[in-house]
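One structure below.
First the proteins, then the strands, lettered A, B, ... as listed; each starts at 1. Every value quoted in this text rests on a predicted model; they were computed, and no experiment measured them.
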There are 2 protein chains.
Amino acid sequence: MKNMPREGSGRPRTTLDLLWGTGDGGTRGPRPTLSPEKIVQAAVEVADADGLGALSMQKVADRLGFTTMSLYRHVPGKEPLIELMIDRAVGTPPELSAHPDWRTMVEAWIEALWNRYQQHPWMLHVQAGPPLGPNQLSWLESLLTALADTGLTDDERFVISLYLNGATLGIARLVSDAEQVTADRGVPAEQLSTDYSEAMGRLIDSDRFPVLTSLVRSGALNAPASATGRAAPDYEFGLRRLMDGVEAYVAERT
Amino acid sequence: MKNMPREGSGRPRTTLDLLWGTGDGGTRGPRPTLSPEKIVQAAVEVADADGLGALSMQKVADRLGFTTMSLYRHVPGKEPLIELMIDRAVGTPPELSAHPDWRTMVEAWIEALWNRYQQHPWMLHVQAGPPLGPNQLSWLESLLTALADTGLTDDERFVISLYLNGATLGIARLVSDAEQVTADRGVPAEQLSTDYSEAMGRLIDSDRFPVLTSLVRSGALNAPASATGRAAPDYEFGLRRLMDGVEAYVAERT
DNA sequence: CACTACCGTGTATCCCGTACACACAAACGT
DNA sequence: ACGTTTGTGTGTACGGGATACACGGTAGTG
């Protein structure tokens, strides 16, 4: 029985083990030069620099000075690697205890998450699955803690957390996509909304799209994004409405 | 000058032309058997069935009974094709005029969009860019119309539309990802949240994650998703808070 | 010291997107 | 009527990417 496939090809068992650092098996053979951590770090750097579409095992290995196949000794494949990247890129949640009330805590939480998304825009395009990594769970824990003294039930706090998380994700994606795509087409950032409303003006039939037409003509599309160079205020306005609603609900419950 | 590359290889000029059906140039040569519409339809079917990752020009061509390369006569590439797919998959917005007030209109709008996302989950994972297709613009027009008699300014209505759109997108993605990923791992839908909270229970240290631990122990994670077999109520609750906030803002303005 | 478990590598396979050149077909200009 | 022009579907070919598999070497274990 010499040529049987060497079963259980080394260390990297499950993605969960990688995420939590468990399952570090026996210390036999040559000391590894590579490690999952280094690989994940390099992968995140590649994705940050060139986007998720440009992420390949080759590029990651090159950046580390190793062969493509060497990565597979430490990470079971590309998809698991991406899961690890997410947990690393999202990092640790902010410290919220200094804030006076739950509302400012939640706002700070969302702003921090928003910033993370800005730093690693590729996170907005991965199929995420339920959070299971230590960092992702820390974010959830953090948000739930912020809602602790609202007097809401466990269910309600959980659902609200889910919604806040999702809303932040969605807005960040919308904004980031708009910037990215138009940037890829070689449009300078200042002209973004100008060009957009101009393109729309050309396409739109004022019979079929009366409201949009008047909106374009009034120039409302130009103002918000170019005012600060960022669409950030957009999400803050919407967020504030959401918080008002939550606050009213909390007040009603007590 | 015989062997110059036959410049301007046929009809499919820009993605915009495809989206709006403009630019259908001279009717020379053999009548085309294929058309952009058929291609887009087939592509949507493939993505619906096997997900975005399994979408390839091969599969689309096979489904139509043509060669891979034949597609490129009608569609400039894969990415433009996906943009067309989005506009087709999102379809036309719902009829809202029957609803009594703006709030129920907006709720109906969101529910309709939510349903579209359920029908075509791959839409949640594409880089979208600003909406330029006729159907996408119709959705925007529809939502803006619903907000018409709120007395808000153009800016405000636009920003709120953006936020509602983004929030719906984000929640739908969170929920769909969770379902999808766990389904890929062979977990039957009923066990989803059970397995999830069980996995979390194994991973979590009650010192580092006190709130989560108590949440898992109380079983709050099991209830919401399994109650209806869908996580739909989650988003409705959060949505209601958001609408309350908007309503308060509207009232304050008048 | 032989054995075993594991490291990093090289090679090979399969799939994907798409450039390019062909053979043929239908309308146009003369 | 007939060459010219423009477009159609196809076959072939290339570069790149994920990953299975077998190899030679290495460091603890018995």
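- Atom CE in A:Met57 sits about 16 Å away from atom P in C:dT9, given to the nearest Å.
- Across the protein-nucleic acid pair, B:Met69 atom CE and C:dA19 atom C1' stand 7 Å apart, rounded to whole Å.
- Defined by atom type and a distance below 3.5 Å, a donor-acceptor pair is missing between the side-chain atoms of A:Gln41 and A:Glu37.
- For B:Arg31, the listed nucleotide lying nearest its side chain is C:dA26; candidates were C:dG8, D:dT26, C:dA26.
- For the pair A:Thr33 and C:dG8, the criterion of a side-chain N or O lying under 4.0 Å from OP1 or OP2 is met.
- Between A:Trp139 and A:Trp109, the ring planes lie perpendicular to each other; the angle is over 60°, past the 30° to 60° tilted range.
- Computed from coordinates, the A:Leu55 CG to D:dG17 C1' distance equals 11 Å when rounded to whole Å.
- Taking atom CD1 on A:Ile39 and atom P on D:dA18, their separation rounds to 14 Å, with Å as the unit.
- Put simply, B:His74 has a side-chain N or O that comes within less than 4.0 Å of OP1 or OP2 on D:dG9.
- Between the CZ atom of A:Arg73 and the P atom of D:dT19 there is a distance of 15 Å, rounded to whole Å.
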Item checked: Trace of the side-chain contact (heavy atoms from CB on, under 4.5 Å) decision for A:Leu132 with B:Tyr196 -> CA-CA 9 Å; A:Leu132 281 174; B:Tyr196 177 58; 3.6 Å; yes
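- One interatomic measurement links the two molecules: CG of B:Leu64 to C1' of D:dT10, which rounds to 15 Å at whole-angstrom precision.
- Nearest-nucleotide assignment on DNA chain D puts the 5′-proximal partner with B:Gly29, out of B:Gly29 and B:Leu71.
- Nearest nucleotide to the side chain of A:Pro32, out of D:dG9, C:dG17, C:dC7: C:dC7.
- Taking 4.0 angstrom as the limit, B:Ser70 places none of its side-chain polar atoms (N or O) nearer than this to OP1 or OP2 of D:dG9.
- One interatomic measurement links the two molecules: OH of A:Tyr72 to C1' of C:dG8, which rounds to 15 Å at whole-angstrom precision.
- At the phosphate of D:dT4, neither OP1 nor OP2 sits under 4.0 Å from any side-chain N or O atom of B:Arg28.
- You'll find that the side chain of B:Thr67 is closest to D:dG9, out of D:dG9, D:dG17, C:dT18.
- Between the CZ atom of A:Phe66 and the C1' atom of C:dG10 there is a distance of 16 Å, rounded to whole Å.
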Margin query: Show, in sequence, the C-alpha distance, side-chain angles and deciding distance for A:Val216 and A:Phe209, and conclude whether the side-chain contact (heavy atoms from CB on, under 4.5 Å) test is met.
Written below: CA-CA 11 Å; A:Val216 171; A:Phe209 300 96; over 6 Å; no
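- Using a 4.5 Å heavy-atom threshold, the side chains of A:Glu79 and A:Thr15 count as separate.
- Between C:dC16 and B:Ser56, a contact under 4.0 Å exists linking OP1 or OP2 to a side-chain N or O.
- If you find the closest nucleotide of DNA chain D to A:Pro30 and to A:Glu79, the one lying nearer the 5' end belongs to A:Glu79.
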